[in-house]
Amino acid sequence: MEQQEMKKIAGVDIGRQSIQFSIYDEDGKCMEEESFPLMPEEQEEYMENGLDRLKKYMALNHLSWSDYASVNFALEDTADTCREKLDNLLEDSFHSAHAVTVVTRFRAFVEYVFHQERAVWERNTILFHFSNQKLTYIMVEQLRSARQKAYRAVQGEIPLEEHNIDLSEGTTELDYNFSRMMKHFLVKHPAHIIYLTGEGFEGNWMKRTLTYLCAGRRVFLGQNLYANGACLMGLGPIPFMEDGMLLMDGPDMVRHTIGLIIQEGTHPAYIPVTSIGKEWYNTQGTVDIILDKSHKVEFFYHNTKNNEMVSSVCEIKDLPERPPKTTRIRIQVQFTSAGEGIILLTDLGFGSLYPATGKVTVFPFQLIS
């Protein structure tokens with residue numbers, strides 16, 4: 001009997017100083033990683049030069065985008081112009097095999113954490129990113145007070161100047177001050193697993209710092225974490241995220257669900273059309289409803305961070321006269337930023353007896369964080 005070929009998925013992290021490429025086998029036993037550092041003169045046009053490096057590597061190793069079941073990209077900068085540039089730079093061979101899926105590095109790391117063994121995400125986990133004389137962090141923590149197990153991922157920056165960190169000072173002084181800063185931070189934000197990434201951690205200067213970090217903790221140093229996380233997204237969604245039990249408090253992330261209240265038997269129920277936990281440009285939703293006597297639709301915006309809900313009513317005008325419950329409306333939600341977007345309401349009629357007009361009502365929304 002012919003053995004079934006293992007499915008492979010890929011992740012790419014594009015940064016100003018390097019591009020990372022990760023490949024994962026479906027059996028979960030093999031992660032291949034490649035890194036392509038960019039020279040200073042290449043960093044101004046880092047996206048073009050990074051993708052060119054990756055293209056040459058794939059050609060040399062006889063690899064094709066069609067070899068992978070899915071490919072996801074993590075970008076250091078996810079501005080509209082950067083996402084559009086990536087889309088334009090990818091060749092027809094990529095577009096014919098895959099959609100262009102872009103995520104933030106923030107989400108890529110959280111995806112990486114929740115695709116690890118349970119021991120990693122059952123305890124607080126922190127990523128420290130040290131690059132361009134800037135230290136940022138991403139913390140994934142369990143919310144102990146929640147009735148059900150819930151998690152929160154947050155991103156922040158540790159101002160080096162507030163801790164007397166002078167990157168030009170000698171290695172011994174830098175290591176001493178850096179270790180003191182880490183102690184101060186981890187007392188307030190305890191973590192059991194720590195990841196270190198960024199060129200700032202390279203070299204052999206962290207003797208005292210690593211001694212402290214490794215005391216009672218698991219510490220990992222690597223540059224492919226974002227590419228690995230983007231890659232592992234291809235294994236499927238995180239259940240906690242899909243169930244709304246993972247609050248993603250980071251850049252570009254949607255923290256509101258948009259939904260409707262409908263009757264389920266004798267009780268009203270809130271039915272979300274969109275979910276939280278993804279970037280606004282990766283968030284959308286569709287649902288069909290049947291209008292009763294009213295041509296008004298009330299939408300509810302649930303702020304999952306503050307657990308607050310507000311509503312807004314849209315009136316659909318110029319519909320043909322029909323009996324109650326003979327007008328089907330398709331609702332489509334599209335975000336234009338993390339806090340704004342539009343809802344499209346399309347008249348689908350009700351079969352051949354009450355033909356659709358195709359009329360679309362555009363209802364903009366603005367969310368309050």
- Is the shortest side-chain N to carboxylate O distance from Lys8 to Asp67 below 4.0 Å? no

- Item | Verdict with reasoning, Ile343 to Cys314, per side-chain contact (heavy atoms from CB on, under 4.5 Å) | CA-CA 10 Å; Ile343 301 174; Cys314 172; over 6 Å; no

- Query: Tell me, do Ile14 and Tyr46 make a side-chain contact under 4.5 Å, heavy atoms counted?
  - Reply: yes

- With respect to Arg105, which candidate in Asp13, Thr78, Thr136 satisfies the side-chain hydrogen bond (donor to acceptor under 3.5 Å, both in side chains) definition? Asp13

- Determine whether Met181 and Leu160 make a side-chain contact, defined as any pair of heavy atoms from C-beta on separated by less than 4.5 Å. yes

- Task: Determine, stepwise, if the pair Arg83 / Asp80 fulfils salt bridge (Lys or Arg N to Asp or Glu O under 4.0 Å).
- Result: CA-CA 5 Å; Arg83 301 197 315 274; Asp80 292 352; 3.0 Å; yes

- Query: Donor-acceptor pair, Arg16 side chain versus Leu38 backbone, under 3.5 Å?
  - Reply: no

- Message: Suppose we call two aromatic rings close when their centres sit under 6.0 Å apart. Are Phe365 and Phe299 close by that rule?
- Response: no

- Pairs touching residues 230-241 that satisfy salt bridge (charged side-chain N to carboxylate O under 4.0 Å, His left out), sequence neighbours left out: none

- Can Val140 be reached from Met233 by stepping across I, L, V, M, F, W or Y side chains whose heavy atoms are under 4.5 Å apart? no

- Distance-only side-chain donor-acceptor flag, Ser35 / Glu33, under 3.5 Å: no

- Query: Ser22 and Gln20: side chain to side chain donor-acceptor pair (under 3.5 Å), yes or no, with the steps?
  - Reply: CA-CA 7 Å; Ser22 297; Gln20 315 290 337; over 6 Å; no

- Query: Do Val103 and Ile23 belong together in a cluster built from hydrophobic side chains that touch within less than 4.5 Å?
  - Reply: no

- Message: Just verifying a value: how many Å separate Arg255 CZ and Leu367 CG, rounded to the nearest 0.5 Å?
- Response: 10.5 Å

- Task: Measure the shortest side-chain to side-chain distance between His302 and Thr304 over non-hydrogen atoms and say whether it is less than 4.5 angstrom.
- Result: yes

- Message: Is it true that, when you exclude Lys359 itself, more than 12 heavy atoms of the residues, nucleotides or ligands shown sit nearer than 6.0 Å to its NZ?
- Response: yes

- Message: Quick one: does any side-chain atom of His256 pair with a main-chain N or O of Thr274 as donor and acceptor, under 3.5 Å?
- Response: no

- Item | Under 3.5 Å: donor-acceptor pair, side chain of Asn61, backbone of Leu63 | no

- Nearest atoms (heavy-atom pairs only) where Ser337 meets Phe335: O-CD2, 3.3 Å

- Are any non-hydrogen side-chain atoms of Ile289 and Ile262 less than 4.5 angstrom apart? no

- Item | CZ/Arg180: more than 12 non-hydrogen atoms of other groups inside 6.0 Å | no

- Message: Between the side chains of Arg218 and Glu117, is the shortest nitrogen-to-carboxylate-oxygen separation below 4.0 Å, so that they form an ion pair?
- Response: yes

- Message: Assess, by modelled atom type and distance only, whether the side chains of Asn132 and Gln17 contain a donor and an acceptor separated by less than 3.5 Å.
- Response: yes

- State the CD1-OG distance between Ile316 and Ser294, to the nearest 0.5 angstrom. 8.5 Å

- Item | Rounded distance [0.5 Å steps], CG in Leu246 versus OH in Tyr151 | 9.5 Å

- Would you mind reporting whether Asn177 and His163 have side-chain heavy atoms less than 4.5 Å apart? no

- Which pair of non-hydrogen atoms, one from Gly50 and one from Ile19, has the smallest distance, and what is that distance? O-CD1, 3.4 Å

- Near Glu44 CD, under 6.0 Å, is it more than 12 heavy atoms from other residues, nucleotides or ligands? no

- For Tyr137, the ring pair (Phe, Tyr, Trp, His ring centres under 6.0 Å) test, sequence neighbours excluded, returns Phe185

- Query: Do the side chains of Phe178 and Leu135 get nearer than 4.5 Å, heavy atoms only?
  - Reply: yes

- Message: More than 12 heavy atoms of other residues, nucleotides or ligands under 6.0 Å from CD of Gln116: yes or no?
- Response: yes

- Query: Salt bridge or not for Asp249 and Lys305, using N-O below 4.0 Å?
  - Reply: yes

- Taken in chain and number order and not counting sequence neighbours, the residues that satisfy ring pair (Phe, Tyr, Trp, His ring centres under 6.0 Å) with Phe73 are Phe94

- Note on the structure: Here the pair of heavy atoms bringing Ile261 nearest to Pro268 is CG2-CB, 3.7 Å

- In sequence, state the C-alpha distance, the side-chain angles, and the governing distance for Arg107 and Asp252, and then conclude on salt bridge (Lys or Arg N to Asp or Glu O under 4.0 Å). CA-CA 10 Å; Arg107 182 178 169 198; Asp252 294 357; over 6 Å; no

- Message: Which heavy atom of Val71 sits nearest to which heavy atom of Thr101, and what is that distance?
- Response: O-CB, 4.4 Å

- Item | Heavy atoms from other residues, nucleotides or ligands near CD of Glu157 exceed 12 (cutoff 6.0 Å) | yes

- Side-chain contact, heavy-atom cut-off 4.5 Å: Ser131 with His129? yes

- Item | Distance, nearest 0.5 Å, that separates CD1 of Ile138 from OG1 of Thr197 | 10.0 Å

- Item | Evaluation steps, side-chain contact (heavy atoms from CB on, under 4.5 Å), between Leu60 and Lys56 | CA-CA 6 Å; Leu60 184 64; Lys56 291 177 180 178; over 6 Å; no

- Are the ring centres of Phe201 and Phe128 closer than 6.0 Å? no

- Query: How about Ile331 and Leu260: do any of their side-chain heavy atoms sit closer than 4.5 Å?
  - Reply: yes

- Item | Separation of Gln155 CD from Thr104 OG1 (nearest 0.5 Å) | 7.5 Å

- Message: With clusters defined by side-chain heavy atoms of hydrophobic residues (ILVMFWY) lying less than 4.5 Å apart, directly or transitively, does Ile158 cluster with Leu174?
- Response: yes

- Query: Hey, which of Tyr195, Trp121, Phe114, Tyr226 is the one that makes ring pair (Phe, Tyr, Trp, His ring centres under 6.0 Å) with Phe109?
  - Reply: Tyr195

- How long is the gap from CE on Met245 to CD on Gln142, to the nearest 0.5 Å? 10.0 Å

- Contact summary for Tyr24 and Cys231, nearest pair of heavy atoms: CB-SG, 3.4 Å

- Examine Met31 and Tyr68 and state if one hydrophobic cluster contains both, with Ile, Leu, Val, Met, Phe, Trp and Tyr joined whenever side-chain heavy atoms are less than 4.5 Å apart. no

- Message: According to ring pair (Phe, Tyr, Trp, His ring centres under 6.0 Å), who are the partners of Tyr212, at least two apart in sequence or on a separate chain?
- Response: none

- Message: Is there a path of hydrophobic side-chain contacts, each under 4.5 Å between heavy atoms, that joins Phe350 and Leu353?
- Response: yes

- Query: Between Asp288 and Arg328, is the closest basic N to carboxylate O distance under 4.0 Å?
  - Reply: yes

- Message: According to ring pair (Phe, Tyr, Trp, His ring centres under 6.0 Å), who are the partners of Phe21, at least two apart in sequence or on a separate chain?
- Response: none

- Backbone N or O of Val360 within a donor-acceptor pair of the Thr346 side chain at under 3.5 Å? no

- Within residues 309-324 or reaching into it, pairs that qualify as side-chain hydrogen bond (donor to acceptor under 3.5 Å, both in side chains) - sequence neighbours excluded: Glu298-Ser311, Arg322-Thr327, Arg322-Asp347

